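One is the number of the first residue; the rest follow in order along the sequence. Just so you know, these numbers come straight off a predicted model, no measurement behind them. Heavy atoms only: backbone and side chains are in, while hydrogens, waters and symmetry mates are out.
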Amino acid sequence: MSTLLVRDADLLVTMDDADRRIRRGGLFVRDNRIERVGPTAELPAQADQVIDARGMILLPGLVNTHHHLYQTLTRAVPAAQDATLFGWLKTLYPIWANLTPEAVYTSALVGLAELILSGCTTAADHLYIYPNGCRIDDEIRAAREIGIRFHASRGSMSLGESKGGLPPDRVVEDEDFILKDTQRAIETYHEPEPYGMVRIVVAPCSPFSVTPDLMREGAALARSYGVRLHTHLAETLDEEAFCLEQFGHRPVGYAEELGWVGDDVWYAHGVHVNEPEIGLLARTGTGVCHCPSSNMRLGSGIAPVRAYLDAGVRVGLGVDGSASNDSSHLLAEARMALLLQRVSGDPAGLSAREALWLATRGGAQVLGRDDIGQLTEGFAADFIGFRLDRLDYAGALHDPLAALVFCTPQRVDLSVINGRVVVEEGHLQTVDLGPVIERHNRIARGLMGR
């Protein structure tokens, strides 16, 4: 058994129920769990590894509840820069049809490295396109190598253009195969025990790319294994019109009819919802991932996060795909969430603490985890630290927690995931990024060239 002591942080923010904020605080970790939290003077004095956190603020690792890591390969594509969601997808589907297993693996390393350096310690990714032998295994391999806690959503598309769907027929899969491969992924990788590093999610892509049968059968499969369900929903008005025309329901009503509500379900986006639908999500415990940058980038609208929180809906944050963001900086999403809830006229629409709560406790709730999201005894040893003596925070140290959100989003100086130091002095310790970036750019050029 190994021990880790982090001591003398200027401020330790627990994000626990009591909202403890501890000056000169620290943590004592045994293996992968937090054993003690408190003032440094009250912690053990010795450990196998000791980190001096003077000059730093410590807080729980951030939780990303929606991403498409492969999209790091197609950022800022000229023909898709000014498109709405459906046009953006139509432009990019033919490029993504050329993905390979190496492309999925390498793009996952790049996106996960960005996430970790931005403060993320747990990430959920939604991979729904599998051409040329690509598998969910390719990105799980990357997550294990880089050392992040990972929720791999085995996504799918089965409704091609010839059957009234949006994606080209050449990028959809047979539904029987989708279900069998999803079952294989669950049986191979899912770790349901506390502190599990890999969990599998059943995740048909969207109402306009899969059939109702796949949605129903996917839900039944997930519930038979006790895993969670995830899909895109209520992202755009185009989607709303599609659901009304094809299914006679608004997106949330369509999901409810298919059994896609409950405390084991979360949606990406949830932009276009009405008051009764918000009430339904609150009553059923259904979660929502808010993706502010992507929603702005594609002109999709503003999710009613304030109304969600006031109604008791579970809400987390997500960076969404790196071709609609176009980054993987989770702390930046917390800042965007704060600003976007204020832009319509309420300067108190979302506070800095609430933005960070969404990025930690909120994300943990959405993913159904009771072992991450706060710095409390018995929780996973997932935490991050930012140095406060940087130029970007000058003049903001009267409220260091708010500085993280109001000031320009920074990279972490320290990240510990599952008790392992993954970022030290601002440098990623688990992967040599130079060769990865070179390989990633080569693959991206090849995709665009084809």
Side-chain angles (χ1 to χ4, degrees), residues 2 4 29 31-33 61-73 99-128 130 133-155 181-203 225 227-228 230 319 322 328 330 363-364 367 369 371-372 380-384 412 415-424 427-437 439-440 443:
S2 62
L4 168 67
V29 172
D31 291 337
N32 63 347
R33 70 187 286 274
L62 309 184
V63 180
N64 179 35
T65 60
H66 183 69
H67 206 330
H68 306 293
L69 291 165
Y70 72 88
Q71 291 182 15
T72 58
L73 293 161
L99 287 168
T100 63
E102 181 192 20
V104 171
Y105 163 72
T106 304
S107 59
L109 282 178
V110 165
L112 292 172
E114 279 190 285
L115 284 173
I116 289 171
L117 290 168
S118 75
C120 179
T121 57
T122 298
D125 188 65
H126 191 183
L127 182 61
Y128 57 79
Y130 294 89
C134 296
R135 300 198 304 169
I136 195 76
D137 310 56
D138 302 318
E139 63 175 20
I140 293 173
R141 172 188 163 207
R144 284 179 162 173
E145 287 183 13
I146 209 165
I148 198 167
R149 202 176 298 279
F150 195 55
H151 285 230
S153 301
R154 204 305 182 179
D181 193 58
T182 304
Q183 181 178 356
R184 177 195 66 83
I186 296 169
E187 293 178 351
T188 303
Y189 294 111
H190 186 66
E191 300 173 1
E193 63 275 5
Y195 320 119
M197 289 296 287
V198 177
R199 292 191 178 171
I200 302 298
V201 179
V202 177
Y225 280 92
V227 304
R228 299 184 78 76
H230 180 53
V319 300
S322 292
S328 305
L330 191 51
L367 296 184
R369 300 203 66 140
D371 57 353
I372 62 171
D382 293 2
F383 54 91
I384 55 177
V412 293
S415 178
V416 174
I417 304 176
N418 207 42
R420 176 189 186 191
V421 178
V422 174
V423 176
E424 189 171 17
H427 297 289
L428 187 66
Q429 302 297 299
T430 51
V431 171
D432 183 0
L433 287 179
V436 174
I437 293 169
R439 186 167 73 246
H440 185 271
I443 294 169

Side chain to side chain donor-acceptor pair (under 3.5 Å) with [X]: which residues, sequence neighbours excluded?
| X | result |
| --- | --- |
| Tyr128 | Tyr70 |
| His440 | Thr72 |
| Arg199 | none |

Hey, what do you get for [atom1] ([X]) to [atom2] ([Y]), rounding to the nearest 0.5 Å?
| X | Y | atom1 | atom2 | result |
| --- | --- | --- | --- | --- |
| Ile372 | Asp382 | CD1 | CG | 6.5 Å |
| Leu127 | His68 | CG | NE2 | 9.5 Å |
| Ile200 | Thr188 | CD1 | OG1 | 8.5 Å |
| Ser322 | Leu115 | OG | CG | 7.5 Å |

Looking at side-chain heavy atoms only, is the closest gap between [X] and [Y] below 4.5 Å?
| X | Y | value |
| --- | --- | --- |
| Leu112 | Phe150 | yes |
| Phe383 | Val29 | yes |
| Leu428 | Ile146 | yes |
| Leu367 | Val63 | yes |
| Ile148 | Cys120 | yes |
| Thr430 | Ile116 | no |

Closest heavy-atom contact between [X] and [Y]?
| X | Y | value |
| --- | --- | --- |
| Val412 | Gly119 | CG1-CA, 3.4 Å |
| Leu62 | Ser118 | CD1-O, 3.8 Å |
| Gly61 | Thr121 | CA-OG1, 3.2 Å |
| Gly147 | Met197 | O-CE, 3.9 Å |

Partner set under side chain to side chain contact (heavy atoms under 4.5 Å, CB included) for [X], not counting sequence neighbours:
| X | value |
| --- | --- |
| Pro101 | Cys134, Asp138 |
| Glu102 | Thr100, Thr106, Arg439, Arg442, Ile443 |
| Leu117 | Arg411, Val423, Leu433 |

TODO: Output yes when a side-chain donor or acceptor of Asp371 lies under 3.5 Å from a complementary backbone atom of Ala380, and no otherwise.
DONE: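 Here the side-chain-to-backbone pair does not exist.
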Do any side-chain atoms of residues 415-422 form donor-acceptor pairs under 3.5 angstrom with protein atoms, and if so which ones, sequence neighbours left out?
unit_1, atom_1, unit_2, atom_2, d
Asn418, OD1, Asn32, ND2, 3.2
Asn418, OD1, Arg149, NH2, 3.1

Task: Residues His151 and Arg369: side-chain donor-acceptor under 3.5 angstrom - done: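 Yes.
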TODO: Output all residues satisfying salt bridge (Lys or Arg N to Asp or Glu O under 4.0 Å) with Glu145, sequence neighbours left out; order by chain, then residue number.
DONE: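 Glu145: salt bridge (Lys or Arg N to Asp or Glu O under 4.0 Å) contacts with Arg141.
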TODO: With sequence neighbours excluded, give me every salt bridge (charged side-chain N to carboxylate O under 4.0 Å, His left out) pair touching residues 104-123.
DONE: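 For residues 104-123: Arg75-Glu114.
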Open item on the list: Give me each pair satisfying salt bridge (charged side-chain N to carboxylate O under 4.0 Å, His left out) with a member in residues 183-194, each pair once, sequence neighbours excluded.
Closed with: Asp137-Arg184, Arg144-Glu191, Asp181-Arg184
Task: Set of residues satisfying ring-ring contact (aromatic ring centres under 6.0 Å, His included) with respect to His230, sequence neighbours excluded - done: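 Applying ring-ring contact (aromatic ring centres under 6.0 Å, His included) to His230 gives His66, His126, Trp266.
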